[in-house]
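For reference, the structure discussed in these notes is given below.
In what follows, every chain begins at residue 1, and chains take the letters A, B, ... in the order their sequences are listed. Computed from a predicted structure; not experimentally measured.
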Amino acid sequence: MGGRSGLGEFEQLVLLAVVRLGAGAFGPDIATELEASVGRGVTRGALYSTLNRLEEKALLRWEAAGPGADRGGHIRRLFSVTPEGLQALRDRRAALLTMWDGIEGVLDGGSS
Amino acid sequence: MTSRSLAERILDRALPDGPSGHAIRGDLRQEHARRVRESGDRAAARWYLRQALSIWFFASRDGVVGRRWRSGRLVSDTRSSGGGVVADVREGVSVLRRAPAYSTGVVLTLGVAMAATVSVFAVVRGVLLRDLPYPEPHELVRFDAARDDGGYANGGLDYPVVLDWREGLETVPSVAAYQGSDGVYVADGVAEVWQGTAAEPSFLEVVGVAPFLGSAYGPGEGGIGDQSIFLSHSLWERRFAGDPGIVGQSITFYEAPWVVRGVLPPDFAYPGTRLDYLIPLRDTQWLEGRGTGVLRVIGRLGDGVSLDAAREELGALSTALEREYPGEIRTVLLRGVQQVETEPVRPMLWVFMGAVGFFLLVACANVSGLALARTEARRQELSVRLSLGASRARLARQVVSESATLALAGGLVGTLGAFWGIRGLLTLAPADLPLREGVRMDPLVLLFAFVLAVGTGVLFGALPGVRSARIAGVRLTATRSESRGAREAKRSLASAQIALAVVLLSGAVLLTRSFAALNSVPTGFTEPGRVLMVEMGLGRADYPTGDEVLSFHRALVEGSSALPGVVAAGLSTHLPFSTSGVQASVVRDGEVYRRGEAPLLGLEVVNGEYRSALGLPLLRGREPAIDPATDDPVREVMINEAGARLLWGDDDPLGQRFSFDLEAGEVPSPESFYTVVGLVPDVSDGALDLDVRPRAYYFMPDFLQQYSWITGRFFYLVLRTEGDPYALVDPLRDVVQRLDPNAPLRTVSSLEEMVRRTTMPARFRTVTLSVFALLAVVVALLGVYGVMAYGVATSVRDIGIRMALGAPASQVRRGVLNQAIRVVAVGGLVGLAGATLLGPVIRSMLFRVSPRDPVTFAGVFLLAVIGALGAAYIPALRASRIDPIEVLRQE
């Protein structure tokens with residue numbers, strides 16, 4: 001199984017959400033994207049803790065941007081995935097595809 | 001505080017103050033504004049608070065909480081190795097793991113104290129703080145007659161007065177009279193004694209209980225003399241194999257056919273602790289008259305009616321009834337059933353709770369001293385942490401967290417220990433402890449244990465916590481490694497432990513002396529350990545008249561006298577050493593009977609060699625004699641000293657005459673007089689600390705000829721033996737079986753056992769309190785030892801220098817012992833002051849001992865001083881053996 005830095009499941013989902021949102025991904029949008037994909041609520045504590053951890057692992061970075069409406073003057077952080085982050089995602093995908101190989105039938109509703 | 005403002009305060013603590021924190025806060029506000037538009041203010045505020053809490057939780061976990069930034073610079077970091085209470089506890093555990101001896105000592109000390117406290121609380125909870133298992137138990141009330149009247153008084157009430165109440169009391173709309181009952185059930189040649197209750201048909205309704213099987217009585221059913229019976233659930237399972245088909249069947253009980261009306265619910269046993277059956281009231285003979293006092297009465301207050309209102313109405317009704325039936329209406333007490341059931345044991349249980357609380361305080365003071373010493377030893381570590389940015393408040397909180405962690409561990413040990421503690425208390429407790437089946441470890445008790453543990457941790461950690469905040473960063477002088485403040489604090493704690501232990505010990509010694517006094521009261525019997533008492537009953541069908549009864553008595557006495565080892569055999573209608581029995585108003589020769597003014601004389605009807613069997617010496621005169629020549633009754637009695645004093649003061653009772661069984665205003669006829677021919681000593685009546693009742697002993701063959709209300713069918717056989725009385729039980733059973741298989745032995749006991757049973761409550765109190773007191777004394781003396789030992793260990797340099805300068809070893813030793821005596825003297829005096837103040841609390845439990853007995857107090861103080869000297873001896877010896885040369889070499 002690949003990956004220089006082990007990616008947890010939630011960390012992977014957060015990275016993927018940032019990739020999907022493209023430029024301008026910030027907290028609330030990432031939360032909304034996750035909740036739509038995962039189908040359940042995401043506590044902000046878990047989200048920001050994970051964003052912090054991904055930043056410390058250098059898989060994510062952020063730039064400050066102007067406040068915008070309804071923010072009480074507080075800046076925004078716009079997140080983007082680093083090349084290392086992209087590589088970690090590729091490694092993860094490769095590992096999963098390897099494991100899934102040959103058992104699509106089962107996953108599509110047959111039996112093993 | 002609104003949700004929103006609370007959330008902001010949480011975020012203030014949880015978010016870093018840099019750009020990340022700002023951005024997160026901005027994100028939350030933006031989302032909050034959107035939710036306000038979509039779902040309203042309240043929902044949005046709740047969401048905001050939830051997210052703030054989740055951020056705090058994750059920040060604590062990640063070790064981010066606690067950093068304070070200003071202008072981009074880190075100005076304080078109170079994290080140490082992580083912030084927040086959760087991280088505190090985790091760090092506390094790792095720190096304590098490095099000090100296993102200290103941790104174990106604290107956990108064990110607290111564990112024992114908490115086990116005791118939780119055990120006692122479980123008993124208090126089960127007996128005093130739990131509602132009776134009936135619907136609306138606080139509406140249940142009980143009527144009791146005060147004992148102050150003439151007539152055949154025994155504390156109960158009359159049936160006519162129950163009828164008056166039913167008619168006249170609006171505040172207590174449902175009332176039911178009942179009385180204890182027992183009878184013999186016979187089937188397949190086996191005779192079994194059942195105990196139960198005879199009650200009015202409204203009884204189950206008043207209590208609020210429906211039958212398990214069968215139906216309750218309807219209007220017109222279950223009246224006096226009705227031969228239907230409810231069986232208890234356990235009896236139904238045991239004797240009738242739980243067969244529902246028994247309902248409607250007939251069984252032979254009380255020598256007659258009875259129809260089984262139903263089965264009572266499981267565990268139903270009101271009143272008392274054993275109920276085999278429930279039947280309607282019987283025997284109108286006792287029910288018709290006023291002044292007979294044979295019934296107990298319960299009632300249920302009307303909706304919304306207070307006990308006071310009911311009492312007021314009852315008082316008014318009694319006054320009206322008194323006008324109609326002068327001299328026949330008793331004073332009646334109306335009390336809540338819950339209160340009545342638990343009243344006898346309430347003071348004792350609260351005293352236990354107080355005592356065990358004292359013990360816990362001693363344990364807290366003890367471990368607080370240990371924690372203080374540990375804090376001193378960590379002075380350097382605390383100073384380093386202070387310099388790394390930890391605030392003093394943070395240091396104090398860390399120490400308190402460690403204490404709380406230890407206390408929680410102690411609480412766990414204590415809760416486990418309480419399982420045994422509860423069992424031990426229930427074993428020691430008298431058999432009639434009310435509601436004892438409710439005593440167990442339940443969620444409330446567990447909650448109490450948890451709160452107790454947390455509270456204990458905060459309590460014992462408070463002083464060391466404050467101390468740690470104060471000493472961090474403060475250097476000590478060169479000669480001492482323990483500051484004056486710390487030493488004083490530890491000594492005060494030791495004195496406090498001694499004070500609390502002295503209070504407990506004083507109480508325990510007072511109770512012990514009281515118990516000894518109780519046991520030394522002469523019972524009046526000789527060698528009660530050789531006397532067997534057997535309760536028996538004969539069926540009315542087989543023994544319809546006095547002649548049959550007397551011939552059975554004769555055969556029984558003959559048969560049992562013939563048993564090997566039996567020295568004497570006799571019978572009595574009254575059980576010695578109990579409060580059962582009948583009293584009658586008597587009139588001396590030449591007087592007129594006036595109800596309410598006539599003295600009361602206990603009435604005991606005896607046969608055979610009763611006096612010798614019981615071991616009652618004849619002080620003067622002789623026993624009543626049967627005149628074989630005639631059939632005329634002899635009308636002679638023996639009387640006890642209390643009876644003689646009551647009726648004739650210091651005059652010689654022999655030859656005096658009296659009469660009883662009279663109507664008001666009547667002059668007794670000459671034939672109704674009895675003559676006193678013998679004098680016997682007083683015999684204890686149920687409890688050693690009660691006054692003896694005046695009593696006359698009538699001769700049964702005589703008595704049965706004249707009076708029908710004592711039939712002789714229920715009696716007690718008394719056998720005096722040369723050996724173990726219980727060895728007679730089986731041979732006696734054979735004798736009785738041969739005479740009448742339908743007359744089982746009901747209860748069997750040695751006289752000594754009966755005496756012992758009456759002292760059980762006193763024994764329970766004394767042993768329990770003494771155990772707590774001894775434990776407290778041990779812990780307190782360990783505390784004194786600890787203070788002295790630590791003091792010596794940290795003053796080695798000081799002492800060594802003094803000895804090098806010429807102080808002799810004996811002086812050093814004396815110095816340590818004097819310090820110990822000072823600590824204990826202060827504690828002892830404070831403790832005695834406390835004992836003086838609290839003494840009256842246990843006054844009702846003491847017998848012939850004053851709660852402020854100076855001899856006891858002086859003795860306890862002396863014991864404390866001796867104990868202190870013992871505890872300080874080893875440290876004193878160690879101090880005197882310090883080698884001054886070695887100390888100087890290390891300087």
Side chain proximity check, A:Thr43 to B:Arg50, heavy atoms < 4.5 angstrom: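 When only atoms from C-beta onward are counted, B:Arg50 and A:Thr43 do not touch, as no gap falls below 4.5 Å.
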
Greatest number of heavy atom pairs closer than 4.5 Å to chain A - which of B:Arg34, B:Arg29, B:Glu31, B:His32: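 Option with the top pair count is B:Glu31.
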
Derivation and outcome, side chain to side chain contact (heavy atoms under 4.5 Å, CB included), residues A:Phe26 and A:Arg76: CA-CA 7 Å; A:Phe26 78 124; A:Arg76 281 177 299 161; 3.8 Å; yes

Structural part of A:Ala65 lying under 4.5 Å from a heavy atom of chain B: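 The answer is neither part of A:Ala65.
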
Leading residue by heavy atom contact count with chain B [cutoff under 4.5 Å; candidates A:Gly45, A:Ala46, A:Gly72]: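 Most heavy-atom pairs under 4.5 Å with chain B: A:Gly45.
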
Chain A contact via B:Ala33 - side chain, backbone, both or neither, heavy atoms under 4.5 Å: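 Contact with chain A is through the side chain of B:Ala33 alone.
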
Worked check of side chain to side chain contact (heavy atoms under 4.5 Å, CB included) between B:Ser20 and A:Trp62: CA-CA 10 Å; B:Ser20 307; A:Trp62 57 269; 4.1 Å; yes

From A:Leu59 atom CG to A:Leu86 atom CG, the distance as rounded to the nearest 0.5 Å: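 Those atoms lie 9.5 Å apart.
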
